[in-house]
Amino acid sequence: ATIPTSPTTDASLSNSRIFIGGLSEGCTKNLLQKSFQPFGTILEISIVGMNDNVKKSSQRKPFAFVTFDSPKSAKAAISNHRTVLDVENGYSNGDGGDNNNNNNNDNTKEEPNNQLLFRQVEMENPRNQKDRSRSNAARQKEQAYRDSILDMCKSTNLILQVQTTHAERLSSYLETDTIQNDYSELKFKVEGLNGAARRNMSLLFLSSSDPTGLALRLHHDPIIARAMKKCYVVNKTAVEVELSEEKGNEKTIYSALAMDTAMAMNMDVQGESVSKNEEVSYRLHAFPPSIQSNLLTAINKINTDTAGKDASSPETITLNPRTFTDVLSVVQVYTYKGRGNLQKEVKENGVVMSGVSPSFVSINSNIGNEEDSAVNRAYFKLQEAMGRYYRDFNDTNESIFHDSVALDCGAAPGGWSKFLADDMKCKMVYSVDPGKMTIDLANVDHLQMKIQDAIPIIKERNAKIKIFVSDMCLHEMEAQLEFLLLARKEGILEAETFFVLTLKVTGGYSKAHFDGEAKKVMDALHAKADVGIKTRDTV
């Protein structure tokens, strides 16, 4: 058929274009022309995805669009397309007939020794301009984010894997003047944060003059160690790879070890020169853990390929997860999850950082095994809050809280009450919670009821509360403040009461939503109470 060049409008094209899905590998424009030219004049045939240099197993089958000169022809093609057998190539498009837009059901038969030319024919459902603009904007935003990650990698040599719920707080904590002064000899800087790199896990990017020393110091800071899952010493370079492919994993391993060899020739580690002849064994640390299996396979292949070669070939990579000398770290800092490639010139959608560090960096110590209990998780939460308060506002002498009376709202299982009684040396702690307490201390009185019922009892005892803390999980964030104001109204608070309130959201809201709700509480506190508040951006 002769393809006319008469102008057509976008509206007419959208009604005259059909979608052909599930193309076989041997499908060509000529075969599609033969199949559909009986239904009208064809203006254009375009095939998508046939020659892409991508793994077909992870992509949809190639598809095509056929544009007719009229909507009538398009509808006829959808309802009545029939077999046009190409004998030379041995493909058919099925037995034809009206199959109600479901062209891969029982009405479609495959010729003996032939494959189906296509499996789906339906009217095109084009994106409107608004959807297309939104898609382009999202792609541009993703590209900018990827570029920001690559930029951070240029100066990063230590990556912390932290719980997402702790990430913002830990980042701000590391940037405080107090911490920067305490760690001044390590000259470290927070380069950035990759929020929610994996489910409930984020990556914090740091640079330091001594990343190994910094990693060791961080593990011994109780506030940081609680929030940090692992740390990875890496080289200041990013490798763009596909970790789903064998070559991508090999490239990652070679990158880490090649850089390490160069460093070993020019640098000392902990004051001792590194000997190339020294026996070295590695423990592999990978993030996310799902990439570790492919990396181990790549190491085995490297060892197999280099076995028996001359002395100039790479040495065998010895893995020993128990008695290792060094840690081989691999961190996937970015992966594009959209369809296809982010941009045509970028073939690899993953970004990886890797490196080698002395074995002691792998010590991911917790602050005692008992921290796993609910009591001690709560205990360390209040300990962290008070520790930061003392650090940031050093005009406060912690001895002023000794022999005070404290009120702990939402006390069960007892972590905060234990801290108030033991560390802050309160003479009496009223622990209010309908639940059961798992601690038994002489200076802790458990009132097993709601706070609104406990306040009158405390008032009858003529107790004056110097410290008011609340870790209750309430539906409304502002309710934390209301109970504090209720205690003041009933006259059970001292003239100057120190208080700690945990502001929580009970749903999966964004940080912007949380910040907005927290601001409401702070504004209400200033408006309703005569208070002196020392605040932080993140508490």
Side-chain angles (χ1 to χ4, degrees), residues 53-59 153 157-159 161 197-199 201 203 211-212 215 229-265 269 274-337 347-364:
N53 295 320
V54 295
K55 294 177 67 176
K56 293 295 188 291
S57 60
S58 61
Q59 304 291 327
C153 293
N157 55 9
L158 181 64
I159 297 177
Q161 177 190 340
R198 286 296 184 273
R199 185 178 180 181
M201 283 295 164
L203 299 177
T212 297
K229 184 72 174 177
K230 282 184 179 180
C231 61
Y232 308 88
V233 175
V234 294
N235 305 315
K236 290 184 179 181
T237 182
V239 182
E240 298 178 59
V241 295
E242 286 287 358
L243 288 179
S244 60
E245 299 178 353
E246 184 179 273
K247 289 184 178 179
N249 287 278
E250 291 181 28
K251 182 179 178 181
T252 299
I253 298 299
Y254 276 127
S255 174
L257 297 178
M259 182 65 75
D260 180 58
T261 300
M263 292 174 64
M265 294 174 63
V269 178
V274 179
S275 171
K276 194 174 180 181
N277 298 322
E278 181 182 3
E279 290 188 11
V280 177
S281 59
Y282 300 98
R283 179 175 182 175
L284 177 62
H285 279 180
F287 178 83
S290 58
I291 68 175
Q292 181 155 322
S293 177
N294 286 341
L295 291 168
L296 291 172
T297 301
I299 291 174
N300 286 334
K301 187 175 185 302
I302 291 171
N303 287 339
T304 301
D305 291 346
T306 58
K309 293 187 177 181
D310 58 39
S312 63
S313 64
E315 297 178 2
T316 299
I317 304 171
T318 303
L319 295 177
N320 193 330
R322 293 185 178 179
T323 58
F324 50 94
T325 62
D326 292 349
V327 174
L328 174 60
S329 297
V330 178
V331 184
Q332 187 170 14
V333 296
Y334 173 83
T335 180
Y336 176 57
K337 299 177 182 178
K347 299 301 182 184
E348 293 82 12
N349 286 326
V351 177
V352 173
M353 297 192 76
S354 59
V356 174
S357 59
S359 60
F360 58 80
V361 176
S362 69
I363 302 173
N364 293 291

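Partners of N320 according to the side-chain hydrogen bond (donor to acceptor under 3.5 Å, both in side chains) rule, which considers only residues two or more places apart in sequence or in another chain, are T323.
Rounded to the nearest 0.5 Å, atoms CD (Q292) and NE2 (H285) are 8.0 Å apart. Taking CG of N303 as the start and CG of L319 as the end, the distance is 7.5 Å to the nearest 0.5 Å. Taken from CG in D326 to OG in S357, the straight-line distance is 7.0 Å, to the nearest 0.5 Å. With rounding to the nearest 0.5 Å, the separation of CD in E250 from OG in S255 is 13.5 Å. A distance of 11.0 Å separates CD1 of I299 from OH of Y254, quoted to the nearest 0.5 Å. Considering OG1 of T335 and CD of E242, their distance stands at 7.0 Å, rounded to 0.5 Å.
When all heavy atoms are compared, the tightest approach of L158 to P211 is CD2-O, 4.0 Å. Between N249 and I291 the shortest heavy-atom distance is OD1-O, 4.4 Å. Across every non-hydrogen atom of E240 and K251, the tightest pair is O-NZ, 3.5 Å. In plain terms, the two heavy atoms of T212 and P358 that are nearest each other are OG1-CD, 3.9 Å. The nearest pair of heavy atoms linking A238 to C153 is CB-CB, 3.8 Å. The nearest pair of heavy atoms linking G355 to N235 is CA-ND2, 3.6 Å.
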> Does the side chain to side chain contact (heavy atoms under 4.5 Å, CB included) test come out yes or no for V233 and V327, once each step is laid out?
Replying inline: CA-CA 9 Å; V233 175; V327 174; over 6 Å; no
> Could you go step by step and tell me if L203 and F287 meet the side chain to side chain contact (heavy atoms under 4.5 Å, CB included) rule?
Replying inline: CA-CA 10 Å; L203 299 177; F287 178 83; 3.6 Å; yes
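When the options I317, T297, L257 are evaluated for a side chain to side chain contact (heavy atoms under 4.5 Å, CB included) with I302, the one that passes is I317.
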